[in-house]
Each structure stands twice: as C-alpha cells, then as structure tokens.
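Notes follow once the structure below has been shown.
Worth saying up front: this structure is predicted, and the values here are computed from it rather than measured. The figures here come from the full heavy-atom set of this structure, side chains too, leaving out hydrogens, waters and symmetry mates. The sequence lines fix the lettering, A, B, ..., with proteins before strands; numbering per chain opens at 1.
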Amino acid sequence: MYTTEQFEGIIAETITINGTNGDAIHTYFARPMGAGPFPAVVLAHHLPGWDELYREFTRKLAHHGYLAISSDLYCREAHGTPEDVAAAVRAEGGVSDDQVMGDLEAAAKYVLSLPSSNGKVGTFGTCSGGRHVFLAGCRLDCFDAIVECWGGNVIMSDEQLTDKQPVSPNSYTQDLNAPLLGIFGDLDQSPTPEQVNQHEAELKAAGKDIEFHRYPEAGHGFFYFDRPIYHQSSAVDGWDKMLTFLSRTLS
Amino acid sequence: MCTMICERTEVEGSGKGRDGWFPLEMVNVSYDHPFNAPWEYGVNIDFVNQSRGVGSRVAVELSPQSAKKLADTIIEALKRGEANPQIKVSVL
C-alpha cells in the first residue's frame, strides 16, 4: 500500500554486466535507496527494443521496492535509436534464445550478489520478452517467479523454428520450476486466445503453479501507454495482479 | 517482434534518411508490429545500408491492404515504363 507519508527514493542508471560468453552488455538498473533487503526483478524487453518504455517499467518496479534490472538484449548487434536497432535485429530474425537465456541469468546473478538482495529474484517480460521469461522459467533455475505477458511464439510450429529459435518454448513446459503469472488480452493475434488456452492447459496438465488472467477487451501489448493498443482498465488491473503476485512470491 | 516474418532482398538506389541521401543496399519487409503505425500488425518496409550503420534506414509502415496496393502500383509503373521503347534505364 502506497501512503503519502512514507520515504521514497530510487537510484537509476546504466551499468555494464557480463552476459552470455562474458560479453559486456549495457544494463539499466533501478533500485530503491537503502540497505534492503529487497527482492529483485529481471526485465526482458520486447522486440521493439531496449526503449524508453522498458526504462519506465524498470523504474516503476524499483518504485515498488524491487531491485529492477533490464539488460540491452541487442547490445551486441548495434547501437542507435531503439527503433533502428530493433529494425536491424528484426531483419536478422531476432537474437538467439541461448544468448538471451545467458543474459537473463547473468542479470539475476548480478542482483543476487548484491548485499541489498533478499535472495529472491523474479523475471518479467512482454511480447518476445514474455516468451523469453517463460523459457527462462523452464531452462534456468535462478528465478523464483515468472511474469509472462502476452508471450508471442510460445507455441511454434515446426515451420517457425530457426537456428536462433530452434525449440518451441512449450516443449519445455514440464521443466518450469517457478510460479508463473500469465497476463493476456483476448483480442491478441499473437498469442491467439486458442494458443493461450493450449499454453494454460499444458501447464495445468504438468501440475505447475500458475495464475492466468485474460482481459476480454485488450489486445496485444495493452500495457504500452505510448501506443493505441493501450487499454487502461486492463493495464491497471494487470499491473495490480503482477505486483500482488511478485509480493507473494518474492517476499 | 512476435511473428519474426521478414523477407529481404538486395536493392540498388538511393534513400533519404535523417542525414540526407544515402546509397541503398537492402530492403527488409516484415509483417510484424509497427513502431509507429496504429495497428497491431503491419507491413514494415525498411530500406537500409547496414554498412553505414543502423541509422541509415528509410522506414515505412503500411497496412496490409496498402502494402498490396503499393506492390500493384509498382508493378503497373514498371509495366508502363518498360513498355516504352524510348525509355532506357541507365546504370552507371
């Protein structure tokens, strides 16, 4: 509960951490002032890139008491405006799942190494980032909570598989090793409601700790207040569900 | 983004970007989320010269229907131009 008399302060800055293969990658790190201990959240940005929106998401999570960290998952590819970099990455078919997994794990290890960490770390992503955090929940063992928002291509056909994305993420469902919150819009075309149904059914069949919320009036990316697809009531409720989930799983 | 649908081809020509004209090297055509156009999905056309950096890009984001009209219009202009014996395309 936010109250007007409480002290508030965050520090937010660009740092460099060592990601996959020890590569130095730029990272935006926002954290509450004070000794902690604080839980942490690793953000996986969407395909439009390491943009202002994700910096705002990072600061929002720090404002709510999390060590929030968001690496530039395209740092190796190029530098420029987020749109120009993302367009170049899009033309190359995205970045490899293996590379992203290593980068997310590196960010988790970084925040867990801090004396202000409470030893718990979750991960949150939207769009391609939603896909990445589901994969991370299955393939990595460092996360205590997963927030998957409208992850596209969690269910991939054989024709969609590439060298960079060689396995459909839902193939790893049995390996999910952390509670998962799923947030989806019923008007979304990727993932479609049918794909979300399948994703949820596979997780339930595997006996996983999941909580899915579906918003009938929302499409894809409905948290994005800088886009026409923003849907106010769904976004407000989605953020509330997410913060409640993170508080429960990372305290 | 989410679809990862992108077709690419080499092109010759010039594009006018934020720093003026530059020689084109490639065109990337994706069917995915646009950055600016208001739809969830669109046809995003990037004329680029990667050797000059990712900022050397002329970007257009079209609705699928508009993209089809553009493709048809290009073909129609080509037909008329190539049918005219007085027009010769010179290549330096």
Residue [X] excluded, over 12 heavy atoms near [atom1] under 6.0 Å:
X	atom1	value
Asp72(B)	CG	yes
Phe47(B)	CZ	no
Glu7(B)	CD	no

Checklist line | Verdict with reasoning, Asn36(B) to Glu83(A), per side-chain contact (heavy atoms from CB on, under 4.5 Å) | finding: CA-CA 10 Å; Asn36(B) 185 262; Glu83(A) 289 183 2; 5.5 Å; no
Tell me, for [X] versus chain B, whether the close heavy atoms (under 4.5 Å) come from the side chain, the backbone, both or neither.
X	result
Asp188(A)	both
His220(A)	both
Ser190(A)	both

Next item on the list: Output the option from Gly221(A), Ala87(A), Gly129(A) having the highest count of non-hydrogen pairs under 4.5 Å with chain B.
Entry: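 Among Gly221(A), Ala87(A), Gly129(A), the one with the most close pairs to chain B is Ala87(A).
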Checklist line | Atom pair CD (Gln50(B)) and CD (Glu92(A)), whose distance is rounded to the nearest 0.5 Å | finding: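 The CD atom of Glu92(A) is 6.5 Å from CD of Gln50(B), to the nearest 0.5 Å.
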Give me the atom names and distance for the closest heavy-atom approach of [X] to [Y].
X	Y	result
Cys6(B)	Ala91(A)	SG-CA, 3.7 Å
Ala78(A)	Val54(B)	CB-CG1, 3.5 Å
Thr3(B)	Asn153(A)	O-ND2, 4.1 Å
Phe35(B)	Pro48(A)	CE2-CA, 3.7 Å
Asp84(A)	Gly55(B)	OD2-CA, 3.4 Å

Notebook entry, point to check: Of Arg90(A), Gln165(A), Gln160(A), Lys164(A), which meets side-chain contact (heavy atoms from CB on, under 4.5 Å) against Met4(B)?
Noted result: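 Of Arg90(A), Gln165(A), Gln160(A), Lys164(A), side-chain contact (heavy atoms from CB on, under 4.5 Å) with Met4(B) is met by Gln165(A) alone.
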Next item on the list: May I ask you to test the Ile229(A)-His33(B) pair for a side-chain heavy-atom distance under 4.5 Å?
Entry: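 Answer no - side chains too far apart.
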Margin query: Tell me whether Glu40(B) is salt-bridged to Arg227(A), with the criterion being a basic N under 4.0 Å from an acidic carboxylate O.
Written below: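 Answer for the salt bridge query: no.
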